[in-house]
Amino acid sequence: MGVYWERFPEAERVSTMTSTQSYLVTGMTCAHCESSVREEVSKVTGVRDLTVDAANGELTITSDLPVDDADVIRAVTDAGYAASRR
C-alpha cells in the first residue's frame, strides 16, 4: 500500500518574517569603530544582517528570530564599546 501526499504550495514557502533590534552604542567615532562592532556582532548566533552608524551611535541587527540582547551587548563590549537596547 502506498502513501500519497497532496502538495500544498503554501507549505513550501520560505518564511519572510524577520526581527529587527536597535541599540545605542557609545564611544564610536569613526569607520574603524564601526568595523570593530560589525565584526564582533556578526558572530552572534542568529544575526543575519547588521548596520552600524558611528555618527548616530546606532546599531541595528536583522535576524530570523529575536536575538538575545545580552549576547549583542556582550559582543559590542568585546569590540570596546558600550551598548543599550533602544
Side-chain angles (χ1 to χ4, degrees):
M1 208 187 278
V3 176
Y4 296 92
W5 295 93
E6 184 176 342
R7 293 190 63 160
F8 294 97
E10 60 273 8
E12 296 177 7
R13 292 183 193 149
V14 175
S15 173
T16 57
M17 294 185 66
T18 59
S19 175
T20 302
Q21 295 168 228
S22 297
Y23 300 84
L24 175 63
V25 179
T26 56
M28 294 189 300
T29 59
C30 63
H32 181 266
C33 299
E34 292 174 348
S35 178
S36 296
V37 170
R38 190 177 299 109
E39 182 179 340
E40 292 300 323
V41 174
S42 67
K43 296 175 188 176
V44 174
T45 302
V47 172
R48 186 166 43 110
D49 191 25
L50 63 105
T51 58
V52 184
D53 184 341
N56 296 323
E58 295 177 346
L59 164 65
T60 303
I61 64 167
T62 304
S63 58
D64 292 328
L65 296 172
V67 174
D68 187 352
D69 288 334
D71 292 340
V72 175
I73 291 169
R74 187 172 19 261
V76 172
T77 301
D78 289 347
Y81 306 94
S84 59
R85 179 80 185 256
R86 282 201 157 178

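Here, residue 1 is the first one in the sequence, and each next residue gets the next number. These numbers were taken from a predicted model, which means no experiment stands behind them.
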Please set out all donor-acceptor pairs under 3.5 angstrom arising from side-chain atoms of residues 77-85, sequence neighbours excluded.
| residue | atom | partner | partner atom | Å |
| --- | --- | --- | --- | --- |
| T77 | OG1 | I73 | O | 2.9 |
| R85 | NH1 | D69 | OD1 | 2.8 |
| R85 | NH1 | D69 | OD2 | 3.1 |

Under 3.5 Å donor-acceptor pairs involving side-chain atoms of residues 28-40, not counting sequence neighbours:
| residue | atom | partner | partner atom | Å |
| --- | --- | --- | --- | --- |
| E34 | OE2 | A54 | N | 2.8 |
| S36 | OG | H32 | O | 3.1 |
| E40 | OE2 | K43 | NZ | 3.4 |

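The side-chain heavy atoms of V25 and V52, taken from C-beta on, include no pair separated by under 4.5 Å.
Of the possible donor and acceptor atoms, one in the side chain of D53 sits under 3.5 Å from a partner among the backbone N and O of A55.
For A70, the side chain to side chain contact (heavy atoms under 4.5 Å, CB included) test picks out D68, R74, with sequence neighbours left out. The side-chain hydrogen bond (donor to acceptor under 3.5 Å, both in side chains) search around D49 returns none, not counting sequence neighbours. Residues meeting the side chain to side chain contact (heavy atoms under 4.5 Å, CB included) test with T60, sequence neighbours left out: T20, S22, T51.
Considering every non-hydrogen atom in both Y23 and V67, the closest pair reads OH-O, 4.4 Å.
For the atom pair CZ of R48 and OG1 of T18, the computed distance is 5.5 Å after rounding to the nearest 0.5 Å. Once rounded to the nearest 0.5 Å, the distance linking CG of L50 with CD of Q21 reads 12.0 Å.
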*Could you go step by step and tell me if V72 and L59 meet the side chain to side chain contact (heavy atoms under 4.5 Å, CB included) rule?*
CA-CA 10 Å; V72 175; L59 164 65; 3.9 Å; yes
